[in-house]
Visitor: 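Below is a structure I'd like to ask you about.
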Amino acid sequence: MGSTPFRVAVIGAGASGIAAGVRLRQAAVAFDIFERADDVGGTWRDNRYPGLACDVPSHLYRYSFAPNAEWSHEYSPAAEIHAYFRKVAGDLGVLDHVRLSNEMETAEYVGDGLWRVVTSQGDQGLYNAVILATGILHQMVLPDIPGRDSFAGAAFHSSRWDQELDIASKRVGVIGTGSTATQIVPAIVDQVASVSLFQRTPQWISPVPNNAFSEEKKQQFRDHPQKMGELYAFLNDVFNNRFASALVGANDEALAEMARACRENLENNVHDPDLRRRLTPDYQTGCKRLIVSDKFYPAIQKDNAHLVDTPIAGIEPGGVRTKDGALHELDVIVYATGFDPFAFFRPAVITGRNGVTLNERWKDSCQAYRSVAVPDFPNLFFIGGPNSPIGNFSYLRTAEVQIGYAMQLVRMLADGKGREIEPTREATETFNAEVSEAIRHTVWATGGCTSWYFDKQGNVVSWPWTYARFEADLGAPRMDELKVA
Ligand code: NAP
């Protein structure tokens with residue numbers, strides 16, 4: 001790049017890309033954000049199914065630099081969250097840097113601290129660092145069910161909800177029982193002729209109500225912003241020191257409490273003993289991503305709701321046939337079958353030192369150094385990379401921690417204190433050996449279930465320690481674990 005000014009490419013304009021943009025602006029570092037879609041907002045732009053609300057409390061799911069007194073609910077709906085991100089991006093000057101409908105196709109390390117980024121709109125030139133803010137749960141998984149394409153009605157993945165479709169009086173099948181399906185069923189049950197929920201595995205459900213904030217409460221937040229700070233601190237303690245710690249074997253009392261609450265929810269709120277039995281998981285609470293809902297059990301007990309727990313044999317033009325031979329006739333099928341959390345930046349191709357691609361490096365398992373970097377890929381920083389705390393934390397806080405880490409190294413590069421920074425192989429191997437050991441103590445591994453947290457090799461996608469350790473490990477770069485040239 002010679003005399004060209006220092007410049008950073010950010011890939012993705014979702015929650016983490018916007019936060020990266022804010023920090024780069026504050027640091028007066030030049031940058032471009034490439035976004036494949038025609039709007040910012042990531043998962044909150046893509047997911048528009050009925051009933052979608054973030055199941056992390058709104059006053060926790062917000063940027064530290066943009067508290068928001070206007071949240072309508074304790075768990076606010078998707079459109080409001082999307083509007084929040086657009087507003088922050090606009091107010092804080094990030095939108096001016098976003099190149100929409102401009103997908104990164106390749107990023108190639110060309111040496112001397114420089115990356116060439118090629119996007120769907122052509123060659124975008126050379127960058128001194130790349131921040132991959134490409135999200136985690138965005139590449140949908142469609143189930144491999146025989147005859148899937150033969151269905152005669154409307155069929156789509158939950159993240160591609162057909163907004164034009166009028167589901168009133170339709171017979172709707174929902175496949176899956178994760179966070180998504182358990183939000184969709186209560187939201188549609190009163191509009192449709194019938195809803196059939198195809199359950200492969202029952203879920204533990206925590207009965208958390210979702211109250212609206214009164215106008216008085218919002219006014220209090222506006223007048224006394226410190227009250228939002230106090231609420232944040234309280235919620236953060238509950239989530240990180242109780243809930244999240246419980247999952248990684250660091251708070252057994254909180255895990256037992258969570259299990260008790262879920263069991264009581266099932267026992268007190270599902271009245272028919274046979275339905276209750278069919279909805280009872282045979283694994284430990286917290287093993288799969290915990291579901292938060294006080295609406296699902298009432299919904300699945302309505303007369304027009306049917307829990308189908310006989311395995312699916314195939315899909316036919318008229319509906320879903322189960323292995324007992326029954327045909328469940330349907331007009332609409334919703335695949336609430338989740339995402340591939342190991343897809344990360346794909347389908348882009350990222351090529352590091354000596355022509356090695358990240359796809360080759362990660363062909364067996366996606367492994368990084370402390371969730372943020374990979375040897376041989378200098379000046380490339382992940383937000384939400386492998387082993388980021390996900391699933392049980394506020395992703396916005398996680399993203400801010402990782403951006404804070406990356407920014408310290410970007411600052412060094414921008415100040416000329418090195419042209420290339422990358423983690424050492426030894427430090428990366430040590431970190432991943434520690435991850436493998438730590439996983440064994442998490443309820444994800446010991447709880448007796450399968451879940452999207454693990455890849456085929458048994459590596460975990462999330463952070464297997466406490467959140468306090470994440471913040472300590474990422475607070476400041478360990479320079480003895482990095483190579484600076
Ligand atoms: P998910 O948790 O991965 O659930 C997918 C569901 O589909 C599971 O019940 C799975 O059954 C079922 N399934 C997959 N393939 C199937 C097949 N061939 N036949 C029958 N059933 C099949 O996906 P999700 O509900 O979309 O949630 C993914 C994650 O997104 C959540 O865990 C959460 O982290 C996040 N999320 C968050 C919110 C929010 O409010 N913040 C809302 C939605 C999602 P098995 O359990 O048997 O595999």
Side-chain angles (χ1 to χ4, degrees), residues 15 42-44 46-58 60-61 73-78 80-82 135-148 156-161 173-187 196-206 208 210 239 244 247 279 281-283 286-293 295-296 307-315 320-323 328 333-343 384 388-396 398 444 447-454 461-462:
T43 196
W44 301 104
D46 292 346
N47 284 273
R48 280 309 170 89
Y49 59 77
L52 175 57
C54 186
D55 60 9
V56 174
S58 297
L60 188 59
Y61 193 80
H73 286 75
E74 289 172 4
Y75 300 84
S76 296
E80 214 178 297
I81 299 169
H82 187 207
I136 302 173
L137 298 172
H138 55 86
Q139 291 210 11
M140 62 178 159
V141 172
L142 286 169
D144 198 9
I145 298 175
R148 202 185 71 210
F156 42 85
H157 188 267
S158 55
S159 64
R160 298 290 179 273
W161 191 273
V174 177
I175 299 182
T177 51
S179 304
T180 300
T182 46
Q183 289 183 334
I184 292 173
V185 171
S196 301
L197 179 68
F198 293 88
Q199 169 186 281
R200 190 163 66 180
T201 313
Q203 291 270 12
W204 288 114
I205 301 182
S206 179
V208 180
N210 184 12
F239 259 71
L247 303 177
L279 286 170
D282 62 359
Y283 54 86
C287 183
K288 282 179 183 284
R289 167 53 151 78
L290 192 72
I291 310 274
V292 175
S293 174
K295 297 191 176 67
F296 176 71
L307 180 76
V308 182
D309 58 350
T310 307
I312 295 172
I315 293 178
V320 172
R321 192 171 294 278
T322 42
K323 288 207 168 147
H328 303 265
I333 296 179
V334 179
Y335 296 106
T337 42
F339 302 87
D340 174 2
F342 297 94
S388 296
I390 58 157
N392 311 293
F393 311 82
S394 170
Y395 182 60
L396 301 200
T398 293
W444 307 317
C449 75
T450 57
S451 75
W452 58 258
Y453 287 117
F454 289 94
V461 69
S462 194

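As the structure lists them, so they are numbered: ligands from 1, and atoms in each ligand from 1. All residue numbers in this chain count up from 1 along the given sequence.
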Visitor: Between the main-chain N or O of Phe296 and the side-chain N or O of Thr182, is there a donor-acceptor pair closer than 3.5 Å?
Guide: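 No: the side chain of Thr182 does not pair with the backbone of Phe296.
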Visitor: Show your reasoning for whether side chain to side chain donor-acceptor pair (under 3.5 Å) applies to Thr310 and Thr322.
Guide: CA-CA 6 Å; Thr310 307; Thr322 42; 5.1 Å; no
Visitor: Under 4.0 Å from a heavy atom of Gly176: which atoms of ligand 1 are those, numbered in the order shown and with their elements?
Guide: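 Near Gly176, meaning under 4.0 Å from one of its heavy atoms, ligand 1 has 6 (C), 7 (O), 9 (O), 12 (C).
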Visitor: Return the closest protein heavy atom for atom 28 (C) of ligand 1 as residue, atom name and distance.
Guide: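 Nearest protein contact, heavy atoms only, for atom 28 (C) of ligand 1 is Trp452 NE1, 3.9 Å.
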Visitor: Number the atoms of ligand 1 from 1 as they appear, then name those within less than 4.0 Å of a heavy atom of Ala336, with their elements.
Guide: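 Going through ligand 1 atom by atom, the ones under 4.0 Å from Ala336 are 5 (C), 6 (C), 7 (O).
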Visitor: Quick check, are the ring centers of Phe454 and Trp444 under 6.0 angstrom apart?
Guide: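 Between Trp444 and Phe454, which both carry aromatic rings, the centre distance is not below 6.0 Å.
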Visitor: Return the residue, atom name and 0.1 Å-rounded distance of the protein heavy atom closest to atom 38 (C) of ligand 1.
Guide: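 I find the closest protein heavy atom is Asp55 OD2, 4.0 Å.
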Visitor: What residue and heavy atom of the protein are closest to atom 8 (C) of ligand 1, and at what distance?
Guide: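 Heavy-atom neighbour on the protein nearest atom 8 (C) of ligand 1: Thr177 N, 3.8 Å.
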Visitor: For a side chain to side chain contact (heavy atoms under 4.5 Å, CB included) check, start with the C-alpha distance between Thr450 and Lys288, then their side-chain angles and the critical distance, and finish with the verdict.
Guide: CA-CA 7 Å; Thr450 57; Lys288 282 179 183 284; 4.2 Å; yes
Visitor: Report yes or no: does Phe198 have a heavy atom closer than 4.0 Å to ligand 1?
Guide: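 Checking ligand 1 against Phe198, which is what was asked, there is no heavy-atom contact under 4.0 Å.
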Visitor: Can you find a heavy atom in the side chain of Val185 that is under 4.5 Å from one in the side chain of Lys295?
Guide: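 Of all side-chain heavy-atom pairs linking Lys295 with Val185, none is under 4.5 Å.
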Visitor: Quick one: does ligand 1 sit under 4.0 Å from the side chain of Lys288, the backbone, both or neither, non-hydrogen atoms only?
Guide: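 The part of Lys288 near ligand 1 is the side chain, not the backbone.
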Visitor: Check ligand 1 against Phe339 and write out every atom of the ligand that is under 4.0 Å from a heavy-atom position of the residue.
Guide: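 Those qualifying, in numeric order: 26 (O).
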Visitor: Between His157 and Phe339, does the ring centroid distance fall short of 6.0 Å?
Guide: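 Close enough - the centres of the two rings lie under 6.0 Å apart.
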Visitor: If you count the atoms of ligand 1 from 1 in the order shown, which ones are under 4.0 Å from a heavy atom of Thr201?
Guide: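 So the atoms of ligand 1 that pass are 45 (P), 46 (O), 47 (O).
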Visitor: For atom 36 (N) of ligand 1, tell me which residue out of Gly338, Pro143, Ser179, Ser159 has the closest non-hydrogen atom.
Guide: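 The nearest heavy atom belongs to Ser179.
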Visitor: Specify the protein heavy atom at minimum distance from atom 29 (C) of ligand 1: its residue, its atom name, and the distance to 0.1 Å.
Guide: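 Result: Leu137 CD1, 3.6 Å.
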Visitor: I'd like to know if the side chain of Arg289 reaches the main chain of Gly391, judged simply by a donor and an acceptor atom lying under 3.5 Å from each other, with no hydrogens or angles considered.
Guide: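 At least one qualifying donor-acceptor pair exists.
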Visitor: Just to confirm my output: which protein heavy-atom neighbour is closest to atom 4 (O) of ligand 1, and how far is it?
Guide: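 Of every protein heavy atom, Gly178 CA, 3.8 Å lies nearest to atom 4 (O) of ligand 1.
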Visitor: Using 0.5 Å steps for rounding, measure from the NE2 atom of His138 to the CG atom of Asn47.
Guide: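 Answer for the NE2-CG pair, His138 versus Asn47, is 12.0 Å.
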Visitor: Tell me the nearest of Thr180, Thr450, Ile175, Thr182 to atom 43 (C) of ligand 1, using heavy-atom distances.
Guide: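 Looking at heavy atoms only, the winner is Thr180.
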Visitor: In the protein, what heavy atom is nearest to atom 48 (O) of ligand 1, and what distance, to one decimal place, separates them?
Guide: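 I find the closest protein heavy atom is Arg200 NH2, 3.0 Å.
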Visitor: Suppose we measure from atom 40 (O) of ligand 1 to each protein heavy atom; which comes out shortest, and what is that distance?
Guide: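 Of the protein heavy atoms, Ala53 O, 2.7 Å lies nearest.
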Visitor: Quick one, Phe198 and Leu307 - any side-chain contact, counting heavy atoms below 4.5 Å?
Guide: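 Side chain of Phe198 against side chain of Leu307, heavy atoms only: no contact under 4.5 Å found.
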Visitor: Looking at ligand 1, would Tyr49 count as a contact under a 4.0 Å heavy-atom criterion?
Guide: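 For ligand 1, residue contact (heavy atoms, under 4.0 Å) with Tyr49 is present.
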Visitor: Classify the contact between Gln183 and ligand 1 as side chain, backbone, both or neither, using a heavy-atom distance cut-off of under 4.0 Å.
Guide: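 The answer is the side chain.
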Visitor: Cys54: heavy atom below 4.0 Å from ligand 1, yes or no?
Guide: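 In this structure, Cys54 qualifies as a contact of ligand 1 - some heavy atom is under 4.0 Å.
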Visitor: So how far is it from Trp44 CH2 to Cys54 SG, rounded to the nearest 0.5 Å?
Guide: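 Separation between the atoms: 4.0 Å.
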Visitor: Are the side chain of Gln203 and the backbone of Thr177 linked by a donor-acceptor contact shorter than 3.5 Å?
Guide: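 Answer holds: yes.
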